[in-house]
Structures are given as C-alpha cells and as structure tokens.
Novice: 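Sharing a structure, written as structure tokens. Questions coming.
Quick note: residue numbers are just sequence positions, from 1.
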Amino acid sequence: MAKIDFEKPMYVDVCGVPFLYREYTPNSRADNSMGRSDSVKAVINICSDMSKEMKESVLIHEWLHSVLDCSGLGELSNNENLVSTLQNELYRAGFRIKAMGDK
C-alpha cells in the first residue's frame, strides 16, 4: 500500500466519493481539535501540528465518521467511543487510508 504524502493536496475514497484531504493550522489554544470531517462538502481536515503517525490515525478516525455518514448511519457517526475504538484497532492492525489513485 502506498504511503500518503501529507505535503500535497489529495483525495481519499469514502464510499466511492472523493473527499478532499486538507490540513489546517490551529489559530488559538481554544482550537484543540485534531481533525474534522464534513460529509456534505466531502472534506476531511486534519491538524497540521501533529506527527505523521498521529495524522494517519486521525485520518482513519475522520474517514470512519464520513463512511458512517455516507452509509446512512449518521447516528453511529455521533458515537465518539465507537469511532475512536474502531480507529485505534484499525491503526494498530496496520490499516492506513491511501490517496485515491494509489495502488
């Protein structure tokens, strides 16, 4: 599986829909979010201040939110304990999100 180059714009596949991956710089101490997903706009935002490993893990987390939303399971997407548990176990097992077009 190809590794993601976090330095360039890319898209990830969420239920067949290309979601734009973007990084953002927090603009205050109050903005301590590690990531956000917007299934309506098809965008996943990840905080740029993290290590590559944390970005990979948080990307799985936000991807899971988007998969649940796009699958009609939005009520499960709101369950942070469920999403975090799946994220942690997928990351531990070696699962990584790849950029669309990577083989």
Novice: Show the nearest heavy-atom pair for residues Ser37 and His65, with the distance to one decimal.
Specialist: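 Looking at all heavy atoms of both residues, the closest pair is OG-CB, 3.5 Å.
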Novice: If you draw a 6.0 Å radius around OH in Tyr11, do more than 12 non-hydrogen atoms from other residues or ligands fall strictly inside?
Specialist: no
Novice: Can you give me the closest heavy-atom contact between Leu20 and Met10, atom names plus distance?
Specialist: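 Closest approach of Leu20 to Met10, heavy atoms only: CD1-O, 3.5 Å.
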Novice: List for me each residue that meets salt bridge (charged side-chain N to carboxylate O under 4.0 Å, His left out) alongside Glu89, sequence neighbours excluded, and say none if there are none.
Specialist: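 Checked Glu89 against salt bridge (charged side-chain N to carboxylate O under 4.0 Å, His left out); matches are Arg92.
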Novice: Can you confirm whether Ser57 sits close enough to Gln87 that some side-chain heavy atom of one is under 4.5 Å from a side-chain heavy atom of the other?
Specialist: yes
Novice: Closest heavy-atom contact between Lys55 and Ile46?
Specialist: CG-CG2, 4.0 Å
Novice: Find the distance between CE (Met34) and CG (Leu59) and round it off to the nearest 0.5 Å.
Specialist: 12.0 Å
Novice: Indicate yes or no: at least one non-hydrogen side-chain atom of Cys15 is less than 4.5 angstrom from one of Val67.
Specialist: yes
Novice: Are Val43 and Arg22 close enough that some pair of their side-chain heavy atoms sits under 4.5 Å apart?
Specialist: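 Yes, close enough: below the 4.5 Å cut-off.
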Novice: For Glu75, which residues count as a side chain to side chain contact (heavy atoms under 4.5 Å, CB included) partner, sequence neighbours excluded?
Specialist: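 With neighbours one apart ignored, the set is Leu73.
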Novice: Mind checking the OH-CD1 spacing from Tyr21 to Ile97? Nearest 0.5 Å is all I need.
Specialist: 11.5 Å
Novice: Distance from Ile60 atom CD1 to Ser84 atom OG, nearest 0.5 Å?
Specialist: 12.0 Å
Novice: Nearest 0.5 Å, what's the CG-CG distance between Asp69 and Asp38?
Specialist: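 It is 9.0 Å, given to the nearest 0.5 Å.
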Novice: Find out whether Leu64 and Leu90 are in side-chain contact, i.e. whether some heavy atom of one side chain is under 4.5 Å from a heavy atom of the other.
Specialist: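 Heavy-atom side-chain distance check passes, below 4.5 Å.
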Novice: Would a 4.5 Å heavy-atom cut-off, applied to side chains only, mark Tyr24 and Ser48 as touching?
Specialist: no
Novice: With rounding to the nearest 0.5 angstrom, report the OG to CG distance, Ser39 to Leu68.
Specialist: 9.0 Å
Novice: For this output row, return yes or no: ring centroids of Phe95 and Trp63 closer than 6.0 angstrom.
Specialist: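 Yes, the ring of Phe95 comes within the 6.0 Å limit of the ring of Trp63, centre to centre.
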Novice: Do the side chains of Val83 and His61 get nearer than 4.5 Å, heavy atoms only?
Specialist: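 His61 reaches Val83 side chain to side chain.
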Novice: Tell me, do Tyr91 and Arg96 make a side-chain contact under 4.5 Å, heavy atoms counted?
Specialist: yes
Novice: When you compare the side chain of Asp49 with that of Pro26, does any pair of heavy atoms fall below 4.5 Å?
Specialist: yes
